[in-house]
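Everything below concerns the one structure shown next.
Worth knowing before you read on, the calculation uses all heavy atoms, side chains too, and leaves out hydrogens, waters and symmetry mates.
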Amino acid sequence: MIQVFNTLTRRKEPFTPLVPGEVGLYVCGVTPYDDCHIGHLMGPVLFDAVARWLRARGNRVRFVNNITDIDDKIINRANATGESWQDISRRYTDQYFTFLKRLRIATVTDHPRCTEFIPQMIAYISDLIGRDRAYVAADGVYYDVQKQDGYGKLSGRRLDEMISGSRVERSSGLRHPADFALWKLAKAGEPSWESPWGAGRPGWHIECSVMSRETLGGSFDIHGGGDDLKFPHHENEIAQGEAHGDAYARCWMHNGLIQYEGVKVGKSDPRMKDPAFAGRFKAGFLVDTYGAATIRFLILQGHYRRPNEFAEKAIIAARTALGRLHRQLGASLDQAPTDSGGEAEALAAALAASVPPSIAAHREAFVAAMDDDFGTGSAIACLFGMVSDIQKLPAQEAAASLRLVRDLGRLIGIFQPGDAADTTSSAEVAPASLSDIMALVLHLRQHARAQRAFATSDRIRAALTEAGVAVKDAKDGATWEMTGPAETAMARVMELVIALRQQARADKDFAASDRIRDALAGAGIALTDGPAGTTWGAAAKG
RNA sequence: GGCGCCAUGGCGGAGUGGCUACGCAGCGGAUUGCAAAUCCGUGUACCCCAGUUCGAUUCUGGGUGGCGCCUCCA
């Protein structure tokens, strides 16, 4: 039985969907008016893990993640840049989707956009007015908070306490300072839709009440979002939903926010005035620099309800830790899921897998951690525990247990094919181009010729020819050009270099072999000497 | 001012009324020509003060400190 912490009751509660086996999950998405930042990705990553686990536990999950594609911030941006509001919102929505893809968010089923539901919002607002829960003021339609019993129950505040704390200058003519706009009448030049109250646009909050209703119904299982949305956004969603006569969300889940050195990184954080600081939290920077797999792992290593530290030290530690798991998994990491079935089948198979008792104990702990309010961090710790114990197993048992590690990991979104390459991104690896390597090879050949070791120099040239690289000796040094496919040349030339280094090692000329290794390292290539020979790969810095 | 959250070893970060979290870093060892990677071993941490208890880091009360929300924010 899954337990979920419900913000509304501030308790962990047994989770039972409204319709057995069917879960409706609504998670607030973004207002697309600026570059995607890491905070925007917290919800998707975390709730992707939640959705995967709900599926593993035998549920079908409809996961709705909305896009608020019309809003004051978009309009302001359009006014500032001269670009149309449509272009801005489309561009940043696309960017958001790109990052969801890079982070392998695979469970979202719906991305409704605000502008696609204007008629439904107008109908909804009309309904609220008809029920005397909203009223028309000079500049729009407002929700009447005083008509609501228990307004503030989600964020734990009372209306009378809020008046003194209210720092915003509200439009005059409101019945209560906390009343909020359902419909904003357009000023000249602003985008607008016709409505019974005049041309205008929806206020913030109404889109979620309407779109959740349109996609999941008036009562649904889980509503999620960032902690900062608790008030006023979610509070007002509840107000609207209940005023409309809906039971609205039964369980509210709020994810912790990004912080840097212990302090939340928010929109109006003074530190954000420094572009260099702000840049650190852009999704593009983080994913390019540390790899999407690292970012996702870092997020899942913590607990969804707690803030997440994004200081560089924390990110590097996460990457190192993940790298350890990746190395253990080896090639199996990149194997596509064998099943065509879903998470439920995968979990059943994982539970049925025959593994030694110590591994099975970790497996049990993993499942218990996920069942207990989606404890992805504890669950990942179980994976480390397994990997550690697997070292002590005979090879054959180890293979089955490693598969278990991988398959359990995949149930929370980690260990996707391609992830290994994703922890060390191209931005970090020095460009290991063929020309860097060729410079080294030609140097080695020149050295051999100087020693009058023509057998070696000829062997190098022959191997290069074989690899699709033609060498031309000239008075002022050798040049080279491609004669074959570039894709295979790199591998072939590396084979040659490794062979030359092996020769030096066999001759006990370690100075020479180390020179080769150092030169390659300088070009961003790391050599790994193993019992089966030497392999090469991109060298990670960090 | 109101509401709420959190205080764990060098760092990050779980968790529990008595028993190893885990990762990173560090240290010792194995392996290696030297490295890298890998493996083995290693650290008696739980803010302070009372109370409950046979026993509290874990429960209760108080204190101190940090953070969040009450405005835009994921």
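Judged purely by atom type and a 3.5 angstrom limit, A:Thr109 uses its side chain to pair as donor or acceptor with the backbone of A:Phe63. Judged by distance alone, with hydrogens and angles left aside, the side-chain atoms of A:Arg113 form no donor-acceptor pair with the main-chain N or O of A:Ile67 at under 3.5 Å.
Comparing the same atom, P, in B:rG18 and in B:rG23 gives a spacing of 22 Å after rounding to whole Å. With P as the reference atom, B:rU38 and B:rC48 are 37 Å apart, rounded to whole Å. Comparing the same atom, P, in B:rA25 and in B:rG1 gives a spacing of 45 Å after rounding to whole Å. Straight-line distance between the P atoms of B:rU64 and B:rC49: roughly 15 Å, to the nearest whole Å. A gap of 27 Å separates the C1' atoms of B:rC47 and B:rU42, to the nearest Å. Going from the C1' atom of B:rC19 to that of B:rG51 covers 26 Å, rounded to whole Å. B:rG41 sits 32 Å from B:rG55 when the C1' atoms are compared, rounded to a whole Å. Between B:rA14 and B:rU57, the two C1' atoms lie 14 Å apart (nearest whole Å).
A:His37 comes within contact range of at least one nucleobase, with a heavy-atom separation under 4.0 Å. Within the nucleic acid shown, A:Leu257 comes within 4.0 Å of at least one base atom, counting heavy atoms only. Residue-level contact check: A:Gly262 touches the backbone only, with heavy atoms under 4.0 Å from sugar-phosphate atoms and none from bases. At a threshold of 4.0 angstrom between heavy atoms, the contacts of A:Thr320 are confined to the sugar-phosphate backbone, with no base atom among them. A:Phe510 comes within 4.0 angstrom of a base, heavy atoms only. Within 4.0 Å (heavy atoms only), A:Ala381 reaches at least one base atom of the nucleic acid. Contacts of A:Trp204 with the nucleic acid, taken as non-hydrogen atoms under 4.0 Å apart, involve only primed sugar atoms and P, OP1 or OP2.
Side-chain contact, A:Gln146 with A:Tyr151: no donor N or O sits under 3.5 Å from an acceptor N or O. The closest side-chain donor-acceptor pair between A:Glu13 and A:Asn6 falls under 3.5 angstrom.
No hydrogens or angles were tested; on distance alone, nothing pairs the side chain of A:Ser268 with the base of B:rC73 as donor and acceptor under 3.5 Å. Side chain A:Arg305 to base B:rC6: no donor-acceptor pair is found below 3.5 Å. Counting atom types as modelled, A:Asp514 pairs a side-chain N or O with a base atom of B:rG33 as donor and acceptor under 3.5 Å. Put simply, the side chain of A:Asp529 and the base of B:rA36 share no donor and acceptor less than 3.5 Å apart.
For A:Gln328 and B:rC39, the shortest distance from a side-chain N or O to OP1 or OP2 is below 4.0 Å. Between A:Lys313 and B:rG10 there is no side-chain polar atom (N or O) within less than 4.0 angstrom of OP1 or OP2. Between A:Arg327 and the phosphate of B:rU38, there is a side-chain N or O to OP1/OP2 separation shorter than 4.0 Å. Side-chain N/O atoms of A:Gln301 include none lying less than 4.0 angstrom from OP1 or OP2 on B:rG13.
The pair A:Glu190-A:Arg201 counts as a salt bridge, with a side-chain nitrogen and a carboxylate oxygen less than 4.0 angstrom apart.
Checked against the 6.0 Å centroid threshold, A:His205 and A:His234 do not count as a close aromatic pair.
Here the P atom of nucleotide B:rA14 and the CZ atom of A:Phe297 are 13 Å apart, to the nearest Å.
The side chain of A:Arg324 lies closest to B:rG23, out of B:rA74, B:rG23, B:rC22. If you check B:rG15, B:rG12, B:rC34 against the side chain of A:Arg517, the one that comes closest is B:rC34.
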